[in-house]
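To start, the structure under review is shown below, and the notes come after it.
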Amino acid sequence: MSIELILRHQIVQAIETCYDQKIDQTLVQFQITRKEFEGDLTLVVFPFVRMSKKSPEQTAIEIGNYLQQNVAEVEKYNVVKGFLNLVITADYWISVLNSASSVSDFGITKPGESSKLVMVEYSSPNTNKPLHLGHIRNNLLGFSLSEIMKANGYKVVKTNIVNDRGIHICKSMYAWKMWGKDQTPENTGIKGDHLVGNFYVRFDQEYKKEIAQLIEQGETKENAEQNAPSMLGAREMLLKWEAKDPETVELWKTMNKWVYKGFDVTYKALGVDFDKIYYESETYLYGKDEVLRGLDEGVFYQKEDSSVWADLTAEGLDQKILLRSDGTSVYMTQDIGTAKERFQDYRINKMIYVVGNEQNYHFQVLSILLDKLGFEFGKGLHHFSYGMVELPQGKMKSREGTVVDADDLMAEMVEVSRKTSEELGKLEGYTPEQAAETYTMIALGALKYFMLKVDPKKNMLFNPEESIDFNGNTGPFIQYTYARIRSVLRKADERGIQLNHQIEAGTPAGIKELHLIKLISQFPVAVKEAGDSYSPALVANYIYELVKEFNQFYHECPILIEENNEIRNLRLVMAETIGKTIKTGMKLLGIDVPERM
RNA sequence: GUCUCGGUAGCUCAGCUGGAUAGAGCAACGGCCUUCUAAGCCGUAGGUCCUGGGUUCGAAUCCCAGCCGGGAUACCA
């Protein structure tokens, strides 16, 4: 049982004994004692003043006395104003270190047979352009969230729904057919997703030219947009595709194949993967039956033009269209279909959609509609809504080319990482392959940590002018600390020092050691909170705090060269446990840590 | 118009289930490599926590109003 739980219980007892009042455990609020005061845990006594009918100081002293007498782990206490600072015995903290160091998966709750199944949908790209920085955030969040859910004892299915059909891909197809028919990834050497993306941009350029021309000829802007030859061409392609025209379907397959091959490279570089991939071209017709059933059951209604609608005014929202007057589906219809499909394919207990906050409204409506259709899981959907990545000029737009490309960004960072490693002479003695593996790991560590350390729900700013840092609160800083710990442990091994993992009670641990052990003990708490609140940032922030604290310790206290064997052993075991915690924590963020750097 | 998210140091962000003197990193300035990895450590400087009310023993944190910014808002996904 953790010290917090023991104390919580005992404090309730103390109030009952001293003041003859029964209180709820939730009234007991603890915090970690601030550095400038002596103690480990602090009880705020103000809430109890009303019961004691005494001054805060007097109340604190009485509760402190009770705890000191009745709780073995409480060594002593002091009172500052209304704050009761409790000093926990060193032996308790040593026992905490012992239990943390003795297990291989400290802080992790492994899923078992009866664990709940969570499906996490993330990435979900369009197949008309390569992935950019916004997708990177999505992918990293989705992957990390999946790892964090697993670490909280859930079974997880990672899924990706590929948006492989629609007018956007037809635009690329049309442009290719018109202005680049001879080009392939093979004969141009351009990565498939980039090649297709180039045609998407080309389409937009030509389209704009045509609009300008039509307006000059006296057309209204609206007419010009509707009747520009390119747009007509793309629309025609969409109709042909839906009619399963062989030539169009063939072109569609070919170009999508190029894109998938490109995506695979990017996904692999990012270190993300999926257990199940859905393709919208296969699922986009699914929702229609459900909507028609809803219409039969009177959940939805039909307008005179025979379009089908949901009335959400009772929920404080508007009317929402579900089937167009020609009977075709909209985005919402498809999502109803895919949701049903997924719950049929898997016994999902919870569905999490990792999708940007611009779609908050969509998912709010989706949840309500599924509920109205009688699906139990409707209310259980969770939209993991994250903020946009903005550039100094504002939002990224693929069509206008104002995007930070995922592949380019990674390549640049690997290059910076390589140069830095070489300048610092860190990887001497490594083979070129080992060196490349390490500096790539560092580059990705920098990128991933940069993206994941900020609160997912907030918009974040990325300035391409200032490359992502490798110093300070960064991935490489944490990786560096890990490598440093490994180095010390390697040297200990070389010198024939055997670690004794069962540290004996009474080992003289200093304030610095105790503080670090306290931090180690918080790791499982951080993992749980990250899972409960769906926030990888909490794990990132925790690791940073631990690492920063360890580096201070490292500079102040010798580990390997400490002369007292007992203390040296304590510090080595502590360092090893911190290393293990860093590795586990970073794994939750999808970041690897190097043995050397 | 309505809904929603945000506003904390020059910049990027923590802290937000109310608690002690609001913290990091970057950028600036000054120190520390003959001792376990200097991608590190120490120090200096930098704040009307958007504004105004309210609740409270106590508010960056909760409530209300306003200002500024992002996003959504019935047939693009």
Side-chain angles (χ1 to χ4, degrees), chain A residues 26 29 31 33-34 36-37 42 44-47 49-50 56 80-83 85 124 126 163 165-168 280 284 303 305 307-312 316-326 328-335 356-362 364-365 385 387-388 390 394-395 417 420-421 423-424 426 442 446 450 453-455 457-463 466 469-481 483-492 495 533 537-538 540-541 544-545 548 551-562 571-572 575 596-597:
Chain A
T26 54
Q29 45 172 321
Q31 51 197 346
T33 304
R34 293 177 70 116
E36 53 278 28
F37 302 102
T42 295
V44 184
V45 299
F46 289 106
V49 171
R50 208 178 313 153
V80 181
K81 292 192 265 180
F83 300 91
N85 300 319
S124 307
N126 290 349
N163 197 343
R165 63 160 284 280
I167 191 74
H168 49 85
E280 202 189 281
Y284 80 108
K303 284 193 181 171
D305 65 359
S307 56
V308 178
W309 296 73
D311 182 358
L312 303 173
L317 304 172
D318 289 324
Q319 315 287 321
K320 181 78 195 173
I321 190 162
L322 298 173
L323 290 177
R324 299 189 185 95
S325 54
D326 61 5
T328 54
S329 301
V330 295
Y331 175 37
M332 184 61 74
T333 326
Q334 293 172 32
D335 262 7
N357 61 12
E358 55 197 353
Q359 292 192 34
N360 286 353
Y361 182 78
H362 174 80
Q364 196 188 347
V365 172
S385 161
M388 300 288 100
E390 286 163 359
K395 224 185 148 184
S417 175
T420 311
S421 291
E423 274 165 25
L424 295 172
K426 292 290 188 161
I442 295 166
F450 177 83
K453 76 173 173 183
V454 319
D455 185 345
K457 69 172 185 287
K458 288 192 178 178
N459 289 354
M460 65 183 292
L461 187 91
F462 176 80
N463 189 347
E466 308 162 9
D469 252 301
F470 286 70
N471 299 312
N473 185 358
T474 66
F477 168 60
I478 293 163
Q479 290 171 317
Y480 175 75
T481 307
R484 191 179 232 181
I485 289 171
R486 297 307 299 169
S487 172
V488 171
L489 292 169
R490 267 197 308 276
K491 291 219 160 105
R495 294 181 192 184
S533 58
L538 296 181
N541 292 338
Y544 176 65
E545 205 180 319
K548 195 168 164 49
N551 273 315
Q552 286 173 16
F553 176 80
Y554 178 89
H555 277 270
E556 285 172 33
C557 306
I559 299 173
L560 200 53
I561 42 185
E562 165 62 40
R571 290 180 179 170
L572 281 167
R596 263 186 66 181
M597 71 181 268

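Every chain is numbered from 1, with letters handed out A, B, ... down the list of sequences. Values below: all heavy atoms of this structure, side chains included; hydrogens, waters and symmetry mates excluded.
The residue A:S421 sits close to a base: some heavy atom pair falls under 4.0 Å. Within 4.0 Å of A:S307, counting heavy atoms only, lies no atom of the nucleic acid at all. If you check every strand for non-hydrogen atoms under 4.0 Å, A:R165 touches nothing. In this structure, A:L461 reaches the sugar-phosphate backbone alone: every heavy-atom distance under 4.0 Å involves primed, P, OP1 or OP2 atoms, never a base. Nucleic acid contact class of A:E556 (heavy atoms, under 4.0 Å, all strands): none. At a threshold of 4.0 angstrom between heavy atoms, the contacts of A:L312 with the nucleic acid are absent.
Looking at residues two or more places apart in sequence or on another chain, you find a side-chain contact (heavy atoms from CB on, under 4.5 Å) between A:E280 and A:N163, A:D164, A:R165, A:T283, A:Y284, A:Q334. Every residue two or more places apart in sequence or in another chain was checked for a ring pair (Phe, Tyr, Trp, His ring centres under 6.0 Å) with A:Y480, and none qualifies. Under the side-chain contact (heavy atoms from CB on, under 4.5 Å) criterion, A:N357 pairs with A:N360, A:S385, A:M388, A:N459, not counting sequence neighbours. The ring pair (Phe, Tyr, Trp, His ring centres under 6.0 Å) test applied to A:H168 returns no partner, not counting sequence neighbours.
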Q: Assess whether side-chain hydrogen bond (donor to acceptor under 3.5 Å, both in side chains) is satisfied between A:D469 and A:T474, documenting all intermediate values.
A: CA-CA 7 Å; A:D469 252 301; A:T474 66; over 6 Å; no

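Look at the P atom in both B:G10 and B:G6: the space between them is 23 Å, to the nearest Å. Rounded to the nearest Å, the gap between the P atom of B:C64 and that of B:G23 is 29 Å. Only the C1' atoms considered, B:C57 is 43 Å distant from B:A72, to the nearest whole Å. B:G47 and B:A22 are spaced 9 Å apart, taking the C1' atom of each and rounding to whole Å.
Between A:R490 and A:M460, the residue whose closest nucleotide on RNA chain B is further toward the 5' end is A:M460.
Both distances falling under 3.5 Å, in either a Watson-Crick or a G-U wobble arrangement, place B:C26 opposite B:G10.
Glycosidic conformation at B:C41 (O4'-C1'-N9-C4 for purines, O4'-C1'-N1-C2 for pyrimidines): anti, more than 90° from 0.
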A correct 5'-to-3' footprint of nucleotides 15-27 of chain B, with B, S and - meaning base, sugar-phosphate only and no protein heavy atom under 4.0 Å, is -B--BBS-SSSS-

Using nucleotides 71-74 of chain B, report all nitrogen or oxygen pairs with the protein that are shorter than 3.5 Å.
{"unit_1": "B:U73", "atom_1": "O2'", "unit_2": "A:D318", "atom_2": "OD2", "d": "3.0"}
{"unit_1": "B:A74", "atom_1": "O4'", "unit_2": "A:Q319", "atom_2": "O", "d": "3.3"}

